[in-house]
Every structure is written in structure tokens, then in C-alpha cells.
Amino acid sequence: MNNDDLKQKILTIVPSAEFTDPVYEFLNVTVLPADLRKLAEQFNSDPDLSFDYMFCLTGVDWVTHMMVVYHLYSTKNDHTVVMKVKIDDRENPEVETLCDIWKTAEFHEREVYDLFGIKFLNHPDLRRIFLEDDWVGYPMRKDYVDPVNIVEL
Amino acid sequence: MEEVAQNIETQEYFINMGPQHPSTHGVLRLMLTLDGEIIKKVEPHLGFIHRSIEKMCEKDSYQQVVHLTDRMDYLGCHINNEAVCLTVEKGLELEVPERVKVIRTIISELTRLSSHQLWWGVMGMDLGAITTFLYGFRDREMITDIFEETCGARLTMNYNVPGGLMFDIHPNFQNRTKQFLEHFKKKLPEYDELLTGNVIFTERTKGIGYLSKEDAISYGVTGPSGRASGFSCDVRKKNPYSAYDRVDFKEILFMEGDCFARYQARIAEMWESMKIIEQLIDNIPEGEYKAKTKAVIKLPPGEYYQRVETPRGELGVYIISDNKKNPYRVKFRSPGFSNLSALDKMARGFKIADLVAIMSTLDLVIPDIDR
Amino acid sequence: MGFSIYDFSDFINNIHAFLSETFSPVAGNIIGMVIVAACFLGFIALLGLSLVYIERKVCALFQQRLGPMRVGKWGTAQTVADIIKLIFKEPLMTKDSDKFLFNLAPFIVMIAPVMAISLIPFSKGLQAVDFDIGIFYIVAVSSIGVTGILLAGWSSNNKYSLIGAMRSGAQIVSYELSVILSLLTIVVLSGSLQLSVIVESQREGWWIFRGHIPAIIAFIIFIVASTAESNRGPFDMAEAESELTAGFHTEYSGIKFAYFFLAEYVNMFIIAAVGATIFFGGWMPLHIGNIEFFNNAMDLIPPVIWFFMKVSAIIFLLMWFKWTFPRLRIDQMLTLEWKYLLPLNIMNILLMSIVVLTDFHF
């Protein structure tokens, strides 16, 4: 499917989805946390879409809100989509886990939780992955201050 | 008999493999739940060398970001550098000279060869054949000498800069590379003789650590490890970059998905790498070794994603720019991190000795996982 | 006969007589024992030093490098330097280890090869003890070593050590059978358990040639099984440095570690010596039938040299194994023993019995 077909298909699943103009080759779709799970399940199970390979999962701190970015690719249909979920609650961001659909998400979600503090609901083993368990704060957030380890130039 | 066996009460116990352990290849800690010698669960604990490279990148200019990446996967450092450069060039819509593309491809493949040589040596050592380790390093030495001459460094090369290369290739480069190919073509069959045909080796690897194609895709296991499970994921074929679109090479695919398939995939990949270098080494176009770039690079606002094929799998570089001289957010999708997540799936039910074989066929580089 | 000039029996007897005359017979015996013990201790120390050096050089040969080259000429003093280093190292001990057993284990491991080495006939008459049940004694004594390994693993209070010790226990107990049966194959042929008699019986030719097919099969099984019994690669599962860090001696340091290290090499020597004695005629020179000229020429080489040449060849073979093969897995190793080597061995003994009964050997 090309990007336009994908766009139509996604709109039938989640009518409220927003599309950003693709600056580069991938189609970008932004959804709200409530719609994420529905869209993800459709992405994986719908034979026309069948995004079976999640090649990147990351978080972004946009200062006003948090965002989780999922890069998905279909090995069967050879198309790519970038699914973004916008979380407005910056203090206590929560989003459904996708690690039962794409198993690679299990580690990546732990990484995002560790560095951004985004909680993934129903994640089987949500612990910090890189930092120690008693680390205070989430280092990849833009407002994180660490006078010892971060040297301001 | 079985009744008796069931009546014996056994107790599961934990064992800490690493962070100081010879076969975790760095500071990886694995919590193993064992029943006797049989693995019930593997739980990796990461972060012993987490340097937060992504956070550091947010403070650095794009030229500096390049130099941080070769501290991730130190065995594929050139390819990591290339990934960032390609992303930045994509953002700048900069067309690099043909000469740069070809040189980058040759050096990438040399990097892949040197990484696979080291892996081959270490793989043998993990299975108890220490001699392979020295054989692997012996041949790798020739490549590092070539790198030293051209790039000035042997391990962390830093040869790429956004827009091209830092300097032109050394006049000896072509000759020495050809000499190396000549030499290594004789040595690679020796590798086969020492391990591939060995009964003990095949017994230790065949049928061990099975990973199905579906699982490989779901866990995002890429590179030779993924391709050994039948997951066609070679970025060089799917999204050709640099000069890969003009060379003729095969994507190595195996369907068995066990340790032996992963081993064979890497050995076959070495032959393909040599084929690629051979096609290009005599055809390096004349021209500039660097496109003109501004001293301060500012990417237009937006998001840029570039995938490259490192020796371990697919490396993704995700840069978000907000039109400043440093990136707003950089994410490295490291192949080792995803490959490691499948370790538990692969190792369950096998023995400790098999876990070592599985880990070495995954070819983990810990700085690449921890970043 | 050529080798009568190399006969040590008279020499040894003279010393014994001199001691008995000078002192009382009992004191003479005791002094004799002390001298023999001192000789063996010196020999074992020398053996350890030289075997470690040889192992390193052989390993370097296989790995296309030079090996130790810095300390002394061609690195010959390297092992001496290593021993000095080990002696001066702090003997570490884990907190909850069983102190008594932890300290006892290296000695038990060391005692077994020392007891076994006394039976080895180095040359005619140059043998400390000559039991009529020699082979039986060697096999029995060398299995004491496993107790030491089990104790070391158990008392270290380290799970890696424990797994290593358990592996080692399973391994040695099962491979012992193959070693015994492969030696018995030759005992069937020679008709004696006494080592000196076995050597003497090979005057016309070594058993490996005279016993042809069953003897060669027995020798192959012996080499495989005894490599496994001495915990050397490719059967070094008890150490398995890539899996269990160092197996049963993970927690040992300094001189106690050196004991384990030394025991491994002395064990290797004993295996080679027993193999040479049983299959290759021990100190007996190479004799071919009744070709007088050839036999006399061979007799000119001293028996001690013959013995050490054969032992060196077998030791080289063992080192070759270690530096070429990958390590087996524990279950594969037990499968190899119980499903292949042992049945083959029993069949081989039957075959050898038939060969002996029908006089089909040379």
C-alpha cells in the first residue's frame, strides 16, 4: 500500500487520527493514548496492513507533552508507518503497552520508562533497564537536572 | 522409572552470570534461573556501561554526534558513523560525491569483515576452542592495519564526517586491500576446516537456540542472526544506501534458525563482503572526497530516520531537529538491544553451555546495547 | 644384550644393601623410602614446571605465535617466575566457605597422582614399587582425585564451583570405566596386572602392533577416556572457563591454585606414562621380530630415553586435542561414554579374548 491508501485505511480505524506531512519517506500518524491499542491491534492483525516488525520504539519529550514513537514495517506488504502517541499528562504519563503484539517492545518500553518516565500499563515487567532502581528522575526529559553528571557548556 | 524421577524433589536456583564473566563479552549481567543445568529463565540486567549517548548528543553539534557513535558498537564503528552522516545528509538534502559513496561502502565491508573475524574467533573460544581466537585476530590485524593507514585509528575510526570523508584514502589503500582479499580467500576455508566441519562443533550448535521466523520478526532480531531464521532484513538490499545499489551480492538466508545457521550466515556473509569489495576496489571514481558543507550544520525542522546494516543487524538513527545547531532528540535503534531481548526465548530449556553458544552466535557487543 | 648396561636393578639393589648394612634394616628401608620420596617430589616439581612450559610452547605453535619469550632464554624461566608469583599471592578464601575442606581439597587432588606415579617403570629396575596388581592400583588411586575436586567445588560456597564439581564427578566416574576396560584389553593379552611384567612381555614388539585391531581400538578409547578423566580439553567441562569461569577452582588463589594446576599436569604425565607402558612397551626399545641388527641398534638408545620419548609423544597428542577441539557439552559427553565408548569397549574385550584364544596375534 502506498501512503495515501494507508492514510485512508487508518482513518477508517481511528477517525480522529492526525497526519503530519511526511518530511521524509514514512507516513506519520498521531493518535491519542485511548486509540493506541485499537490501532496497534488492527495494524498487526489486518492482512492489508500486517505491520509485523517494529524496528524502532522511542520516546520524545516535547516539553508541552510527551510522545512515544513507534516505527512499524510490514515484511509481507513492504510498507512503513510511523505511529505516534501524544500524551498530554506530562507529570504522570501513561500509555498501554504493545509488548504482547510486538515482543521487541518489551525491552524498548522499559528503556522509555527508564529514561522518560512514561508508564506502560499492563507491561509484564516494567522496571528500570539501564539505571539503578533507586535513581531519581528521568534523564532524557528536557527539564532533568543533574549537576554532577551533566556538564553545561 | 519416570515415577521415581518425579518423586525426587529438585529446587530451582539463581546464578549470576556476569557482569564479570568471560563469555558475556563485556559487562552484561544475566540472572539465570536454573534447574540443575537446565535454563528456566534468563533475565538480562543492562546498563553497566550506559553512558547516555543520546542525551549527550542533544548537547552536541552534528559533527560531534558522529564521533560519539563509534563508542557504541566499537566493532562496526565506521558503519555507525556512516549512519549518522547519512541521516544528516538526508536532512540537508546533500548529494555526496560518488567517490565518497564507494569508499564508504568499501570501508563498511572491511569493517564487517573485521567484525565477523573477531566474532568467529570469539565464538570458537566460547565453545572451548581457544586457537580460533588467535586465528581470527591474526587475519583481523591486516584490516586494522589498512584502517590505521587510511583513517589514522585502528578501532574507533571516525573517518566519516557529514558530507563526505575526513580525508582521502591512503595511496596504498587499494593495493593493501587487494592483498588482504588474496590472503583472506585462502584463510576462510581454513576457518571452515577448523570449526564448521568439526563434529563437536556441529553437535554443540545444531538445533540449539532455535528462533522461528515469526519470533525473529516480532523480537526485531536483525542482521545475520535474523537472516538465519529466514527473516529477510538486509538493509543493504531493502533500502540501499551509499554504493550498495550498484554492486552484486546475495542476501544470505537460512531457514534453520539455530546456532549453526547463524554461524553459517556470518561465514557466508564474509564471502559476500569480499565480493562487494572486489567489485568496487578497482572502480573508485575520481573526484572530491568531501562535499562542501557549512561549518555549523543546522538541519531543517523535522524528523529523519536512516537505517544501515551493521555487522550485528539493523542500526536506525532517528534525529529530530528543531532548526538549531544541535539535534533536539537523537535515538539510536541499536541491533544488539533487540537481539538480546530474544535471548530468553532462545535459551529456555537448554543448558548453560548452550547459553554460551547462543550468546556468541547473537554476537553481542555490550556498549552497543547499553549505549 | 645391549640394554643390560642400562639396567638399574643392580644399582638400586646396591644402594639398598648399603643402607641396610650401614643402618639397621628397618632404618635402611625408611631412609630408602625418604630418598625415593624426595626424588619423586623433585621430579614432580620439575615435571610441573617443564610441562607448563611445553604446554605453552605447543599451544603457541598451534596458534601461530611464539609463546613465552621474555623470561630467560626462549622464556624458559617463565614458569619459575609464575610459580614465584603464585607463592607470593594472597590465599583468598570466601566468607562462608568450609575452611577445613577448602584447604584439604588441593592436597587430595595432589595426593592421587603422587601415589600413582610411584608405580611407573621409568626403566628396568627404576621403579619405586612394583605391585603385582599394578594397573588395578593405579586406576584405584587415580580416582581419589575426584574426591578432591568434589570437595573443592562443595566447600567453595560458589555455585559455579559446585556445578563444575558435579560435572567433574559425573565425568570422572563414568570415564573411569572406559579407562579400566581399555587397559584390561591389554591385560588379557599380556596376562598380568604387574607393570614390569607387562613391559617385559613386550620384548618382541609393542602390544599396539602385536595386538593389531583390538589393541588400536583400545588405545584410541584409552586416549579419549583418559583425556576426559584428567579434565583436559575437549573434556574440560569441570573448568569450562567460558561457562563456569573456572569451575571447581574458581575461588582458589595463590599456591592452592598452583596445586590444582600442578595436579592436572602430573595427571597428564601419568596418563601418558601408563599409555606408553601398556601400549607402547614402556621403556622397551622398538623391537621388530627377530631382526637382530635392528633390535641391537635400538637397544643402544637408553630405555629412559625411550620411555620419555613415548610419553612426550602421547603428551603432545593430548595437547593437540586441547588446542584444536571445541568443548563438548556435559550430556553429549556422558552420551559418548555410556552409549558409544562403553559398549564398544566391551565388544573390544570380547574381540581381544577371541584373538588371544585363537593365537591370532603376533
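In the text below, chain A, chain B and the rest are named by the order of the sequence lines, each starting its count at 1. When reading the values below, keep in mind they use all heavy atoms of this one structure, side chains included, and skip hydrogens, waters and symmetry mates. Remember, predicted model here, so these are calculated numbers, not experimental data.
B/R329 places a side-chain N or O within 3.5 Å of a backbone atom of A/G59 that can act as its donor or acceptor partner. The closest donor-acceptor contact from the side chain of A/Y53 to the backbone of B/A216 lies at 3.5 Å or more, if one exists at all.
Contact of B/T222 with chain A is made through the side chain alone, with heavy-atom distances under 4.5 Å. Looking at B/E43, the atoms closer than 4.5 Å to chain A (heavy atoms on both sides) all sit in the side chain, from C-beta outward. A/R127 touches chain B through its side chain: at least one heavy atom from C-beta onward sits under 4.5 Å away, while N, CA, C and O do not. With a 4.5 Å cut-off on non-hydrogen atoms, B/Y328 touches chain A through its backbone and its side chain both. Proximity to chain A (any heavy atom under 4.5 Å) is shown, for B/K55, by both the backbone and the side chain. If you measure heavy-atom distances from B/D322 to chain A, you find no contacts under 4.5 Å at all. Neither the backbone nor the side chain of B/I49 has a heavy atom closer than 4.5 Å to any heavy atom of chain A. In this structure, chain B has no heavy atom under 4.5 Å from any part of A/E132. Of the two parts of A/D61, only the backbone, made up of N, CA, C and O, holds a non-hydrogen atom closer than 4.5 Å to a non-hydrogen atom of chain B.
Heavy-atom pairs under 4.5 Å with chain B peak, among A/T75, A/N44, A/D114, A/L131, at A/T75. Note: A/T58 leads A/D125, A/L57, A/D78, A/T58 in heavy-atom pairs under 4.5 Å with chain B. The greatest number of non-hydrogen atom pairs below 4.5 Å with chain A, out of B/R307, B/H45, B/E58, B/E54, is found for B/R307.
Listed by sequence position, A/I101, A/W102, A/K103, A/T104, A/F107, A/H108 are the residues of residues 101-109 of chain A in contact with chain B, using a 4.5 angstrom heavy-atom cutoff. Listed by sequence position, B/F337, B/S338, B/L340, B/S341 are the residues of residues 336-346 of chain B in contact with chain A, using a 4.5 angstrom heavy-atom cutoff. Contacts of residues 83-93 of chain A with chain B at a heavy-atom distance below 4.5 Å involve A/K84, listed in sequence order.
Using a 4.5 Å cut-off on side-chain heavy atoms (C-beta onward), B/F231 and A/D52 make no contact. At least one side-chain heavy atom of A/N28 sits less than 4.5 Å from a side-chain heavy atom of B/E303. B/R371 places a side-chain heavy atom less than 4.5 Å from the side chain of A/F130. Contact annotation: the side chain of B/K331 approaches that of A/E111 to within less than 4.5 Å [non-hydrogen atoms, C-beta and beyond].
Not counting sequence neighbours, the partners of B/D363 by the side chain to side chain donor-acceptor pair (under 3.5 Å) test are B/R312.
Within the model, atoms OH of B/Y305 and SG of A/C56 stand 4.0 Å from one another, a figure rounded to the nearest 0.5 Å.
Counting heavy-atom neighbours within 6.0 Å of B/K237 NZ, excluding the residue itself, gives a total above 12. Residue-environment remark: NZ (B/K41) stays at or below the threshold of 12 foreign heavy atoms within 6.0 Å.
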